[in-house]
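Along the sequence shown, the residues carry numbers beginning at 1.
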Amino acid sequence: MQWYFVAALLTVLTSSQGILTTLSQSNGEYKYDYATVPFLAEIFKLAVSSLLLWRECQKSPLPKMTTEWKTVALFPIPSVIYLIHNNVQFATLTYVDTSTYQIMGNLKIVTTGLLFRMFLGRRLSNLQWIAIVLLAVGTTTSQVRGCGETSCESLFSAPIQGYMFGVLSACLSALAGIYTEFLMKKNNDSLYWQNMQLYTFGTLFNMARLLVDDFRGGFENGPWWQRIFNGYTITTWMVVLNLGSTGLLVSWLMKHADNIVKVYSTSMAMLLTMILSLFLFNFKPTLQLFLGIIICMMSLHMYFAPPNMLLDMPLTVKPEEEKLIEVSVDRRPHS
């Protein structure tokens, strides 16, 4: 399976995430406990990975599965990072509005490139760095509204704590992705075995979150396992399957491609979501949206295209063969 096919599929699934989540609402609110969605998605990913690992074990030779505790103990770390990241997100939203938060979220594009270089030792060319910066500029441009609207003014009116939390959120998001790629490429273990370890800890952490929510609410609505499917519809189940499938595709990209490919997939998904919203939710197109799409497409071409397609390389002209000049030498003695 080629990485660009997986990246394209990831783009489609990611772009439909927000749309399905919006469609799962009833009269503008959730009739179900949205904290159960990532929990069920983790169970779905764990079940699929277990099935695929079982099928892989039926073949010969057997897949490599490292069971040393020093290696297994590394897999809870991404879940811990994401847990901290989620709390930082809530802290950020207490200081800035949603539009400002979305624009600041594009910082993770640049921070992913920086951590990609620092921790994984992957060198990027100057053109690729320019492409990454252009991607951040393009996605930001597409999200900026007209300067006559309040969102434009609020972008520069948030307290300093909001910007600090926003930068921290971008760094944590990039760090979680980079660390996951490090785990996936640390050895040649089976992808499905690595997924099982990741999603087992992910399931446990999401279960712990549900328990904490119950304690905070004083078990007013009963324990989470008694109301886990309350309010679920077909659309809600599609959200769960979408979220689970997206996670499986991301783990495949971490194993066989890299974080930059994932960043481009999710960024293009955001633009695709905006385009689909034009038809589904009467979203009004803006000049900034079209400019952002153009800039992002230029960035995509600049990063992945071969250098000879980006530069007018002069044709190398073979030097003409040296002509041999025959010189006659008079060897007769002079009188």
Side-chain angles (χ1 to χ4, degrees), residues 1-14 17 36-83 112 115-116 118-123 173-209 225 237-238 240-266 304:
M1 190 184 300
Q2 299 293 333
W3 67 263
Y4 46 81
F5 173 76
V6 177
L9 184 57
L10 177 62
T11 300
V12 174
L13 288 179
T14 306
Q17 244 175 47
T36 60
V37 172
F39 172 71
L40 293 174
E42 291 294 322
I43 291 180
F44 171 76
K45 291 185 288 186
L46 182 59
V48 171
S49 299
S50 302
L51 176 62
L52 293 175
L53 180 63
W54 176 79
R55 290 186 59 185
E56 199 175 44
C57 289
Q58 305 303 310
K59 302 176 182 179
S60 182
L62 291 176
K64 182 181 177 183
M65 294 183 289
T66 302
T67 56
E68 296 178 359
W69 71 269
K70 291 183 178 180
T71 301
V72 176
L74 298 175
F75 282 86
I77 297 178
S79 299
V80 174
I81 297 175
Y82 279 120
L83 181 63
T112 298
L115 296 179
F116 189 72
M118 292 171 57
F119 291 102
L120 298 181
R122 301 287 295 276
R123 184 178 179 275
S173 177
L175 180 61
I178 294 295
Y179 186 83
T180 303
E181 181 179 347
F182 164 75
L183 284 181
M184 292 297 184
K185 295 179 177 176
K186 185 176 182 293
N187 51 41
N188 59 345
D189 279 6
S190 167
L191 170 63
Y192 309 124
W193 168 243
Q194 292 174 322
N195 279 347
M196 281 189 62
Q197 298 174 81
L198 276 176
Y199 302 144
T200 297
F201 289 111
T203 301
L204 293 175
F205 275 98
N206 278 278
M207 186 186 301
R209 180 196 171 183
W225 57 84
W237 282 111
M238 290 177 65
V240 173
L241 293 177
N242 182 288
L243 190 61
S245 302
T246 300
L248 292 170
L249 291 177
V250 168
S251 67
W252 192 96
L253 286 178
M254 294 296 99
K255 184 74 170 180
H256 301 288
D258 54 49
N259 263 280
I260 303 299
V261 175
K262 187 200 77 171
V263 165
Y264 269 94
S265 297
T266 52
F304 292 103

First locate atom [atom1] of [X], then atom [atom2] of [Y], and finally report the distance between them rounded to the nearest 0.5 Å.
X: Leu13; Y: Thr246; atom1: CG; atom2: OG1; value: 4.5 Å
X: Ile43; Y: Ser50; atom1: CD1; atom2: OG; value: 11.5 Å
X: Phe201; Y: Leu74; atom1: CZ; atom2: CG; value: 10.0 Å
X: Trp237; Y: Phe44; atom1: CH2; atom2: CZ; value: 11.0 Å

Can you name the nearest heavy-atom pair linking [X] to [Y], along with the distance?
X: Trp3; Y: Ala257; answer: CB-CB, 4.2 Å
X: Lys255; Y: Gln194; answer: NZ-OE1, 3.2 Å
X: Ala176; Y: Ile81; answer: CB-CG2, 3.7 Å
X: Leu198; Y: Ser79; answer: O-OG, 4.3 Å
X: Ser49; Y: Asn195; answer: OG-CB, 3.3 Å
X: Gly177; Y: Lys262; answer: CA-NZ, 4.2 Å

### Message
Pair Phe39, Val240 - check side-chain contact (heavy atoms from CB on, under 4.5 Å), show working.
### Response
CA-CA 9 Å; Phe39 172 71; Val240 173; over 6 Å; no
Evaluate the side-chain proximity of [Y] to [X]: yes if any heavy-atom separation is below 4.5 Å, no if none is.
X: Lys186; Y: Thr66; answer: no
X: Glu181; Y: Phe116; answer: yes
X: Ser190; Y: Lys64; answer: no
X: Thr67; Y: Trp193; answer: yes

### Task
Go through the steps to decide whether Glu56 and Leu62 satisfy the test side-chain contact (heavy atoms from CB on, under 4.5 Å), and finish with yes or no.
CA-CA 7 Å; Glu56 199 175 44; Leu62 291 176; over 6 Å; no
If we ignore hydrogens and angles and just use 3.5 Å, is the side chain of [X] paired with the main-chain N or O of [Y] as donor and acceptor?
X: Ser245; Y: Asn242; result: no
X: Tyr199; Y: Gly247; result: yes
X: Thr266; Y: Val263; result: yes
X: Glu42; Y: Gly202; result: no

### Task
Determine, stepwise, if the pair Tyr4 / Phe304 fulfils ring pair (Phe, Tyr, Trp, His ring centres under 6.0 Å).
CA-CA 11 Å; Tyr4 46 81; Phe304 292 103; over 10 Å; no
### Query
Testing Leu83, Leu175, Leu183, Ile178 for side-chain contact (heavy atoms from CB on, under 4.5 Å) with Pro78, which one passes?
Leu183
#### Entry: side-chain contact (heavy atoms from CB on, under 4.5 Å) partner of Asn259, chosen from Leu253, Thr112, Thr180
Thr112
### Query
Taking only residues at least two apart or on different chains, which pairs with a member in residues 50-75 satisfy ring pair (Phe, Tyr, Trp, His ring centres under 6.0 Å)?
none
### Task
Compute the centroid of each ring, for Phe119 and then for Tyr179, and state whether the two points are separated by less than 6.0 Å.
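Aromatic pair excluded; centres sit 6.0 Å or further apart.
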### Message
For the aromatic rings, using the six-membered ring if either is Trp, is the centroid distance between Trp252 and Tyr192 under 6.0 Å?
### Response
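No, too far apart.
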### Message
Is it the case that atom CD in Gln58 sees more than 12 heavy atoms from other parts of the structure closer than 6.0 Å?
### Response
yes
### Query
When you look at CE of Met65, are more than 12 heavy atoms from neighbouring residues, nucleotides or ligands closer to it than 6.0 Å?
yes
### Thr200: side-chain hydrogen bond (donor to acceptor under 3.5 Å, both in side chains) partners, not counting sequence neighbours
none
### Message
If you apply the rule side-chain contact (heavy atoms from CB on, under 4.5 Å), what do you find for Asp258 with Lys185, and how did you get there?
### Response
CA-CA 10 Å; Asp258 54 49; Lys185 295 179 177 176; 4.1 Å; yes
### Query
Of all residues at least two apart in sequence or in a different chain, which pass the ring-ring contact (aromatic ring centres under 6.0 Å, His included) check with Phe205?
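Expected list: none.
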